[in-house]
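Taking it in order: structure first as structure tokens, then the write-up.
Heavy-atom basis, side chains included; hydrogens, waters and symmetry copies ignored. Reminder, nothing fancy here: chain letters follow the sequence lines and each chain counts from 1.
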Protein chains: 2
Amino acid sequence: MALLSKSCVYGIRAAILMAIKGNEEFISIKDIAKDLNLSAHFLTKILQQLTQEGLLLSHRGPKGGVKFSREPKLIKLIEIVAAIDGLELFEECALGLHGCGTATPCPLHEKWSEHKLVLRRLFETESLEKLADNVQEAGLRLRTLSQLDILEFNKNKRL
Amino acid sequence: MALLSKSCVYGIRAAILMAIKGNEEFISIKDIAKDLNLSAHFLTKILQQLTQEGLLLSHRGPKGGVKFSREPKLIKLIEIVAAIDGLELFEECALGLHGCGTATPCPLHEKWSEHKLVLRRLFETESLEKLADNVQEAGLRLRTLSQLDILEFNKNKRL
DNA sequence: AGTATTAAAGACTCTTTTATCCTAAATTAA
DNA sequence: TTAATTTAGGATAAAAGAGTCTTTAATACT
């Protein structure tokens, strides 16, 4: 099991890339998909969810694409997660017990509910702009690396 | 997305129940399944994985069942998780980027790798015996609650 | 020896997630 | 108005996860 679904991490990667490109004009989903090496159709579906949640504005036709409805500075990672995976991760019992809570806790309840808060705080704290800055300043990555990419990286120390 | 797969939480619940029952004799999987309100066949598959990993001993035939290969005191939660879900959760990049690491980090790498350690520690710290004690001392729960169960609980403050 | 019991193992089904493909609708620009 | 571009949306397919069912193998007890 991973922490986040694939759809969710694709959505996050796309959002960070969009934040890097600024939020002046609409950015075509096809271009984002090409940059991230993802299926454009699939990414379209994922970003549609962000549009429906009001996180993105979309525009059809030539010069169309998507852009954030607010400054990326103000958008926190948890908003992307909430729109795609939901907040279950930050709210549910680790043992999946429905009635788990202070009144009727599971044996992990106390430890896990403490931990959930920390995890949630992490996602609430990171803004897209900050993550975008990380990427640019430190030359961080958004794409998975193929063997070829790794060779390339070793030469240029950058992707 | 949940933190752990259903198989994994079923395995954990079963293991805690087994720890509560002590580790003297083989316990029949059917009985465990009945107690936890799970499908016996499905639980058999899950516990098979724990047997194959050497966490459990199994025995066929009358008076057969499963028991821990070591004292439940010595078995940590993370061993169950490792056997069923694997350690991916505690080792992988939050954005699912394969080459992510100190050399070629993703924008979340630093924060998440710090956090992964804390999460891992949580699962490494909790022993089955301790969780079993929690359940017994505080009257905690291992089953999901039906509406009927909740009424029952409100009467007796215990399940 | 025979029978009942129990885990192991495999076939199979159902659901969800992931992914692809095609068509429709909106929009721009010539 | 026509053509090109781009998101929206639905149909479909493939893969993984969740769950059921049947058969087989081992074992204990009579």
Side-chain angles (χ1 to χ4, degrees), chain A residues 1-14 18 25-69 81 83-86 88-89 95-96 144, chain B residues 1-14 18 25-69 81 83-86 88-89 95-96 144:
Chain A
M1 293 281 299
L3 192 75
L4 305 170
S5 71
K6 285 204 174 192
S7 294
C8 192
V9 304
Y10 294 168
I12 292 173
R13 288 188 212 160
M18 286 172 64
E25 307 173 340
F26 287 101
I27 307 167
S28 111
I29 298 178
K30 206 199 296 180
D31 290 351
I32 303 174
K34 201 173 291 169
D35 275 2
L36 296 178
N37 200 26
L38 298 176
S39 144
H41 279 113
F42 192 38
L43 187 59
T44 299
K45 291 238 154 114
I46 295 165
L47 296 188
Q48 248 176 62
Q49 296 181 65
L50 300 185
T51 304
Q52 283 159 2
E53 292 292 322
L55 241 57
L56 300 183
L57 301 175
S58 71
H59 196 72
R60 301 188 198 189
K63 307 243 169 165
V66 288
K67 58 180 291 192
F68 294 109
S69 58
V81 176
I84 299 174
D85 277 353
E88 180 192 347
L89 177 65
L95 298 187
T144 48
Chain B
M1 292 280 301
L3 192 74
L4 305 170
S5 71
K6 287 205 171 190
S7 295
C8 193
V9 304
Y10 294 167
I12 292 173
R13 289 188 213 162
M18 286 173 63
E25 307 173 338
F26 287 101
I27 306 166
S28 112
I29 298 179
K30 207 200 294 182
D31 289 352
I32 303 174
K34 201 172 292 171
D35 275 1
L36 296 178
N37 199 26
L38 298 177
S39 142
H41 279 115
F42 192 36
L43 187 59
T44 300
K45 289 227 160 133
I46 295 166
L47 297 187
Q48 248 176 62
Q49 297 181 67
L50 300 185
T51 304
Q52 283 159 2
E53 292 291 322
L55 240 58
L56 299 183
L57 301 173
S58 70
H59 195 72
R60 301 188 198 190
K63 307 242 169 168
V66 287
K67 58 181 291 194
F68 294 109
S69 59
V81 176
I84 298 174
D85 277 352
E88 181 193 346
L89 179 63
L95 298 186
T144 48

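Residue B:Tyr10 has a polar side-chain atom (N or O) positioned under 4.0 Å from OP1 or OP2 of D:dG19. When the side-chain nitrogen and oxygen atoms of A:Ser5 are compared with OP1 and OP2 of C:dT17, none of them lie within a distance under 4.0 Å. Neither OP1 nor OP2 of C:dA19 sits under 4.0 Å from any side-chain N or O of A:Ser39. For B:Gln48, a side-chain nitrogen or oxygen approaches OP1 or OP2 of C:dA9 to under 4.0 Å. Neither OP1 nor OP2 of C:dA7 sits under 4.0 Å from any side-chain N or O of B:Ser58. Contact check, A:Ser28 against D:dT6: no side-chain N or O comes under 4.0 Å of OP1 or OP2.
Rounded to whole Å, atom C1' of C:dA7 lies 14 Å from atom CD1 of B:Ile27. Rounded to a whole Å, the CE atom of A:Met18 is 10 Å from the P atom of D:dT7. Distance CE (A:Met1) to P (C:dT18): 10 Å, rounded to an integer number of Å. Here the P atom of nucleotide C:dA8 and the CG atom of B:Leu47 are 9 Å apart, to the nearest Å. In this structure, A:Ile46 atom CD1 and D:dG9 atom P are separated by 16 Å, rounded to whole Å. Atom CD in B:Gln52 sits about 6 Å away from atom P in C:dA9, given to the nearest Å. Between the NZ atom of B:Lys34 and the P atom of C:dT5 there is a distance of 12 Å, rounded to whole Å. Atom CZ of A:Phe42 and atom P of D:dG10 are 17 Å apart (whole Å).
Of the possible donor and acceptor atoms, one in the side chain of A:Ser69 sits under 3.5 Å from a partner among the backbone N and O of A:Gly54. Remark: side-chain polar atoms of A:Arg13 are not paired, donor with acceptor, to backbone N or O of A:Leu36 under 3.5 angstrom.
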Go through it in stages, so that I can follow the logic: the residues are A:Ile32 and A:Leu43, the test is side-chain contact (heavy atoms from CB on, under 4.5 Å), and I'd like the CA-CA distance, side-chain angles, deciding distance and then a yes or no. CA-CA 9 Å; A:Ile32 303 174; A:Leu43 187 59; 3.7 Å; yes
Working note: A:Met1 + B:Leu4, criterion side-chain contact (heavy atoms from CB on, under 4.5 Å); need CA distance, chi angles, decisive distance, verdict. CA-CA 6 Å; A:Met1 293 281 299; B:Leu4 305 170; 5.6 Å; no
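Taking the side chain as every heavy atom from C-beta outward, B:Val66 and B:Ile29 approach each other to under 4.5 Å. Inter-residue side-chain proximity for A:Leu38 and A:Ile46 is flagged as unmet; no heavy-atom pair is nearer than 4.5 Å.
Smallest separation of non-hydrogen atoms from A:Ala33 and A:Ala40: CB-CA, 3.6 Å.
To the nearest 0.5 Å, the span separating CD on A:Gln49 from CG on A:Asp85 amounts to 9.0 Å. Summarising the geometry, atom CG belonging to B:Leu47 is positioned 13.0 Å from atom OH belonging to B:Tyr10; distances are rounded to the nearest 0.5 Å.
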Are any protein N/O atoms closer than 3.5 Å to N/O atoms in nucleotides 28-30 of chain D? If there are, list each pair with its distance.
unit_1: D:dA28; atom_1: OP1; unit_2: B:His59; atom_2: NE2; d: 3.1

Report all interatomic pairs (protein N or O, nucleotide N or O of nucleotides 21-23 of chain C) with separations under 3.5 Å.
unit_1: C:dC22; atom_1: N4; unit_2: A:His41; atom_2: NE2; d: 3.2

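The listed nucleotides are D:dG19, C:dT18, C:dA7; the one nearest the side chain of B:Ile29 is C:dA7.
A:Phe26 and A:His59 have parallel rings, their planes meeting at less than 30° on a 0 to 90° scale where 60° marks the start of perpendicular.
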